[in-house]
A.B. asks: 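Handing you this structure, nothing more for now.
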There are 2 protein chains.
Amino acid sequence: MPTSSRFAVAVHLLCALAFLEATAGERGVTSAELAKSVNTNPVVVRRLLGSLTRAGFVAGRGGRSGGYGLARSPAKIRLDAVLAAVEPDGLLTLHANPTNRACTVSCGIKPVLGGVFAEAERALHASLERRTLADLLRQVQAAG
Amino acid sequence: MPTSSRFAVAVHLLCALAFLEATAGERGVTSAELAKSVNTNPVVVRRLLGSLTRAGFVAGRGGRSGGYGLARSPAKIRLDAVLAAVEPDGLLTLHANPTNRACTVSCGIKPVLGGVFAEAERALHASLERRTLADLLRQVQAAG
DNA sequence: CATTTGCGCAACCACTGTAGTTGCGGATGC
DNA sequence: GCATCCGCAACTACAGTGGTTGCGCAAATG
C-alpha cells in the first residue's frame, strides 16, 4: 500500500496547534488555520484531530470562536502515543495468504514472524517514546 | 496506503527456500514450489526474489532443472537487510504537502521530523539485526 | 538440435486505502 | 436569528499492491 503519512501530518498538526495556540488567546485554533500550515483541507485536519481527540491529546469546541486546543502540555505528549493513535495497526504486517497445511514452513512461520514483528515495533516505539512534542517545538523554534 | 506485506512474504520465502533446498539436491527450488508454500502466484514469488537476488541473498538459474537457491548461509542473512532489500523507502514517511512559507512550523518541521524518523527506523533495524534466517528456521522447526 | 522447463520482464487488471471534497446537522456565541 | 465552527457521512480521484498473462531467453535432456 502507499505508505501512509498520517503520522507525519499528525505531528505537524500538533506542533502547529501548540504554536498558534500561544497567539490565539481565548479563541480556539480553527481547522482552517491548521490546514493552511499543512497545505491541505480543513476536513482532513478534522479527521486526524478526531483520532487525537479520542486519544486525549487535543480538544475541539464547535460554535463561533470555537476551534481546537491542546488537552495537555506538550511535554506530556510522547510521539509513540501519537503514532499509536493514528496508526493503530502497526507498521509491520503479516501476509494474509492462507497457510498451506502441507508445508512445515507455511504452518509455522506466522507465529514466529509475529514475535519478531512485535519486538521490532517495540524497539521503534521505545525510540519515539523519548521524544515529546515539547522537544520538537524547541527544535523547530531553534531552526527558524 | 494499504501497508505492504512484502517483508513478511520475503521472509517466508527465504525460510521455505532454505527448507526445500535441503531436500531438492542438485535441482533448484522452483518459483512454483515456493508459490505453493505462500499460496500465491509464481510471478509474485519471482518479483520478490528479484529484489533478494539483487541484494545477494538468493540466486536463480533458468533452464530445465533450474530454480532458486540461497546464495549464502542462513546464519549470514539478517532480517534488517531483508527489510531494506524489499522496502527500500523505509516505513515512516514524511508528508509530501508543499510547505507554507508563511508558517514557522511548516517551514521547520520536516527536517526535525526527518531526524526523528531516521532514529526510529534505526532502532527498528537494530532489533531486526539480531535475527537471522537461521534463528527463524530453528524456531519454525521447533514449533512444527 | 528440438524440446522441455523455468527464470526475467513488461503490460494489464482488480482491489484497497488514502487524501481530497462536498454537504448537512448540531453546537456555540454574538 | 445568525454566523461560525466542529462532526460525520458520502463520494471522487489517485496510487500502490497483488494477481495474471504473455513473450523472450537460458539451460539441460534426449
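Below, chains carry the letters A, B, ... as their sequence lines are ordered, and counting in each starts from 1. Values below: every heavy atom of this structure, side chains too, minus hydrogens, waters and symmetry copies.
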A.B. asks: Would you tell me if any nitrogen or oxygen in the side chain of A:S5 comes within less than 4.0 Å of OP1 or OP2 on C:dT18?
C.D. replies: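 Negative; the distance criterion is not met.
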A.B. asks: Is it the case that more than 12 heavy atoms not belonging to B:K36 sit under 6.0 Å from its NZ atom?
C.D. replies: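 No - once you tally the heavy atoms of other residues, nucleotides and ligands closer than 6.0 Å, there are 12 at most.
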A.B. asks: Round to the nearest Å and state the distance from B:R64 atom CZ to D:dA27 atom C1'.
C.D. replies: 10 Å
A.B. asks: Can you tell me how far P of D:dC14 sits from NE2 of B:H95, to the nearest Å?
C.D. replies: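 Computing the B:H95:NE2 to D:dC14:P distance gives 22 Å.
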A.B. asks: Can you check the B:E26 CD to D:dT29 P distance for me, whole Å?
C.D. replies: 10 Å
A.B. asks: Using only side-chain N and O atoms of A:S31, determine if any of them is under 4.0 Å from OP1 or OP2 of D:dC6.
C.D. replies: yes
A.B. asks: Which nucleotide in the list D:dG19, C:dC9, D:dA9 gets nearest to the side chain of A:V43?
C.D. replies: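 For the A:V43 side chain, the nearest candidate turns out to be D:dA9.
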A.B. asks: Can any side-chain N or O of A:K76 pair as donor or acceptor with the backbone N or O of A:L133 at less than 3.5 Å?
C.D. replies: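 Flag not set: sc A:K76 to bb A:L133 has no pair under 3.5 Å.
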A.B. asks: If you compare all heavy atoms of B:V86 against all heavy atoms of B:R6, which two are closest, and at what distance to 0.1 Å?
C.D. replies: O-NE, 3.1 Å
A.B. asks: Take atom CZ of B:R27 and atom C1' of C:dT4, then tell me their distance rounded to the nearest Å.
C.D. replies: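 Atom CZ in B:R27 sits about 14 Å away from atom C1' in C:dT4.
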A.B. asks: To the nearest Å, how far apart are B:E33 CD and C:dC7 C1'?
C.D. replies: 14 Å
A.B. asks: How long is the line joining CZ of A:R6 and C1' of C:dA19, in whole Å?
C.D. replies: 10 Å
A.B. asks: Is any NZ, NE, NH1 or NH2 atom of the basic residue among A:E119 and B:R130 found under 4.0 Å from an Asp or Glu carboxylate oxygen of the other?
C.D. replies: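 Looking at A:E119 and B:R130, the cut-off is not met.
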A.B. asks: Would you say A:S65 places a side-chain N or O within less than 4.0 Å of OP1 or OP2 belonging to C:dC30?
C.D. replies: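 Negative; the distance criterion is not met.
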A.B. asks: If you group Ile, Leu, Val, Met, Phe, Trp and Tyr by side-chain heavy-atom gaps below 4.5 Å, do A:L52 and A:V43 land in one group?
C.D. replies: no
A.B. asks: On DNA chain C, nearest-nucleotide positions of A:N39 versus B:V29: which is more 5'?
C.D. replies: B:V29
A.B. asks: For the side chain of B:E21 and the backbone of B:V29, is there at least one donor-acceptor N/O pair under 3.5 Å apart?
C.D. replies: no
A.B. asks: Give the minimum heavy-atom separation between A:V58 and A:L49, together with the two atoms involved.
C.D. replies: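 The answer is CG2-O, 3.8 Å.
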A.B. asks: Go through residues 44-57 of chain A and report each residue with a non-hydrogen atom lying under 4.0 Å from DNA chain D, sorted by number.
C.D. replies: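 Residues of residues 44-57 of chain A under 4.0 Å from DNA chain D: A:R46, A:R47.
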A.B. asks: Rounding to an integer number of Å, can you tell me how far B:N41 CG sits from C:dG6 C1'?
C.D. replies: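 Value for this atom pair: 14 Å.
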A.B. asks: Whole angstroms only, please: what is the CZ-P distance between B:F7 and D:dT17?
C.D. replies: 16 Å
